[in-house]
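Protein chains get the first letters and strands the later ones, always in sequence-line order, with residue 1 at the start of each. Everything numeric here is computed off the predicted structure, so don't read it as measured data.
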Amino acid sequence: MQFTSITFVLFFTIFFGVYWLLRKNLKRQNIVLLLASYLFYGFWDWRFLALLIGSSGIAYFLGLKIGEYEGRKKRLFVNIGLILAIASLFYFKYFNFFIDSFAELFGIKNRLTLTIALPLGISFYTFRMISYFLDLKNNKLKPENDAITFFNYIAFFPSMTSGPIDRGGLLLPQLRKERVFTFESGADASRQILYGVFKKLVVANTITPVTQEIFQNYDHLAGSTVALGMLLFLFEIYADFSGYSDMAIGFARLLGFKITKNFAFPLFAQNIAEFWRKWHISLTSWLTDYVFTPLVIHFRDYGKKGLIAAIILNFILIGAWHGPRYTFVLFGLLHGLYYIPLILANKLNKKKKISGSFPTFKEAGNIALTMLLVCFAFVLFAAPTLTDAVGMYSRIFSLSFFSVPQFFQLKIAGLIIILLAIEWLNRDQEHGLEISRLKPALRRVFYIFLIFIIMYYGVFGNGSFIYEQF
Amino acid sequence: MKKFLFKISFYLVSVIAVLLFLGTYADGNTDDNYRHFTGSKPSDMIFGDSRSAQAVVPDVLDQRLKGRTFNNFSLNIAESPYGKIYFEAIKKKLDPATQNGIFIVTVDPWNVSLPKKEISEKEYSENNSALADMYFYDKAPNYEYLLKHYTRSWFNIFREREAIVKSNTYLHKNGWMEVNVNVSPDTVRARRLIKIDQYKDLAKVQKIASYRLNALGEIISYLKDHGRVYLVRIPASEEILEIENRYSPDFNTIMKDVAKKNKVRFLDFTPQNKQYLYTDGNHMYRESARVFTAQIADSIQGDQKSLR
């Protein structure tokens with residue numbers, strides 16, 4: 001069930017009504033929420049529902065056990081939980097990749113490759129479980145005693161299939177207390193959903209066929225066209241993923257929840273560190289807390305070299321999280337390497353806020369350079385194989401780069417300008433359409449404009465979201 | 001909550017109203033399948049793939065076989081090859097009260113084929129067809145179809161309506177796909193070369209499949225309960241037929257067996273293939289389609305006379 005599908009609209013409308021009718025009975029409300037989450041998930045594939053419920057059950061049980069003990073026994077249950085969660089993620093996502101790579105490396109005839117279907121959202125809900133165990137281990141969280149609350153935390157449908165990755169510390173307390181609906185929050189959530197729909201259906205879905213055409217036929221196209229594809233892909237993936245996140249956050253807010261923010265206008269980042277502080281925030285902050293910080297502590301004796309090693313390892317993990325492909329690993333590695341000049345110049349944590357209405361030449365240059373680096377790395381993200389990535393890079397760095405690119409569409413240019421304008425004007429807000437500061441009449445005109453744009457330019461066919469596959 | 005619902009309902013109702021209005025303009029220009037899901041349920045029908053969609057003209061059959069109203073329910077080889085999905089769609093489309101219908105079931109080697117590579121039934125191409133998930137086949141406007149399968153902005157329905165101009169592929173109310181393309185020898189030749197390459201490639205990866213032949217048998221058997229069935233092989237250009245004959249040399253024998261087993265007539269028009277003009281070597285040009293359909297009508301009339 002896609003957020004942009006008519007089935008979801010019907011599902012959510014009915015669920016929304018039932019959910020708020022039960023507002024005076026928290027337990028029933030949570031049961032309905034859980035059933036809705038399972039229905040939402042099962043709509044894709046009922047087979048994996050058993051896996052989701054089963055692994056939630058095990059995590060719940062282990063959580064209680066972790067709470068019962070201290071010392072060695074506590075560590076034992078934490079480790080069992082972590083091993084099971086990581087093993088299940090590894091089995092479904094990486095098993096075939098490692099077996100195939102091993103067989104290829106040693107020239108062995110591979111008989112072990114299995115037909116394993118990837119359960120939807122497994123990376124997202126497994127990370128929720130892992131953070132739960134680690135937070136219990138570090139006494140940041142108490143074990144959840146209520147099964148319905150815990151199962152809801154793992155399966156919370158607005159964010160379960162494509163994120164954001166919510167932590168127990170944020171979501172569990174909200175599941176335990178009565179939710180309140182206010183007009184202001186509901187209106188703002190609707191605005192956020194509207195903006196997400198605009199980004200996905202209009203911007204991302206309009207660009208998708210163009211980038212697909214370019215990336216599938218890069219070897220027949222001029223370098224300038226492949227470079228254009230590279231640039232467009234940045235807008236496509238941003239509009240697609242941040243559009244999903246806006247919708248997820250908006251739907252959660254309509255249910256009275258505040259979930260993790262995932263994007264903070266990354267297209268205006270002035271260096272790569274700032275970019276990653278603003279892009280896929282829930283994943284980067286998750287890895288910062290559970291991987292990067294422990295690594296930095298581990299490598300602290302090595303000074304800047306240790307920091308570089310920690311960052312590179314962290315980014316390799318970010319790349320590999322996306323899936324079993326060398327291109328993803330290289331995508332992460334490249335981003336890690338991008339950090340080296342910042343670390344050497346002691347500019348890693350330097351925050352650069354643009355204060356004026358327009359960026360200065362220097363600020364604009366920084367933004368352009370950062371986006372160029374990001375686009376360059378996204379080739380590895382978009383290419384299905386290393387050969388394709390190398391092929392695309394060699395097209396870009398050929399003499400044909402100095403030619404007029406094909407596939408230029410005025411419509412796409414216009415849509416990107418609208419997107420950038422909205423983002424720029426609201427770059428200090430919580431989301432792109434937080435325009436409550438505008439006069440009501442002006443606000444309404446803007447909503448109608450956006451609704452019209454969606455209805456007129458929306459491409460409703462390509463319902464799937466890029467991050468669903470992760 | 002009340003205030004929120006009240007305010008948001010204005011936006012929702014406006015959007016729904018605009019969509020309902022735009023949907024009323026859906027017609028034969030909307031897309032290549034929309035009209036297969038509109039109109040009253042027919043009693044006389046034509047089945048097959050895109051070759052059949054373009055070559056069998058219901059109007060001609062209606063004129064020749066008086067008192068009948070044919071509907072061409074042929075889509076294309078990806079969406080309506082013979083299988084469970086097409087069979088279920090046929091059951092939904094056909095008027096259940098039909099007792100004396102005439103059914104033209106067109107065949108070619110492609111609509112009874114499957115990929116050589118072993119794939120599960122869920123992966124068959126027709127699973128992506130509207131036939132796989134539609135409930136209503138006789139609503140006009142059919143909002144179910146538009147919501148599920150019209151992937152463009154609905155403003156295009158209004159902008160591209162037939163009152164303005166007929167598109168190159170225009171689906172008539174009776175299901176005939178009229179294709180208006182330039183048929184100067186050069187353009188036809190260029191399209192034919194592309195089509196030949198496509199079918200050569202297809203022949204490498206496909207094979208005649210018992211799953212499809214069984215489905216064809218079941219469909220014929222079902223239709224026989226509602227009237228008379230004619231199994232028809234539609235001709236194509238010399239080059240395409242050559243590919244087909246290499247791909248499945250005994251295709252006609254297989255079809256004769258199907259016909260014999262189900263006690264229906266098999267009409268093979270491929271020997272007359274040179275009489276017709278094809279837009280791309282595979283699909284018949286609209287003028288030729290009329291002549292060809294008249295020949296089918298003659299054969300059916302001849303058959304009915306012999307029965308009397």
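To the nearest 0.5 Å, the span separating NZ on B:K92 from CZ on B:F73 amounts to 9.5 Å.
Contact annotation for A:L254: only side-chain heavy atoms (C-beta onward) come within less than 4.5 Å of a heavy atom of chain B. Using a 4.5 Å cut-off between heavy atoms, B:K7 contacts chain A through its side chain alone, with no backbone atom that close.
No hydrogens or angles considered: a donor-acceptor pair under 3.5 Å links the side chains of A:K200 and A:N205.
With chain A as the partner, the residue from B:R159, B:R152, B:M1 showing the most heavy-atom pairs under 4.5 Å is B:M1.
Salt-bridge annotation for B:K139 and B:E144: absent, with no side-chain N of the basic residue lying under 4.0 Å from a carboxylate O of the acidic one. Under 4.0 Å is where a charged nitrogen must lie from a carboxylate oxygen, and between A:R191 and A:E430 no such pair does.
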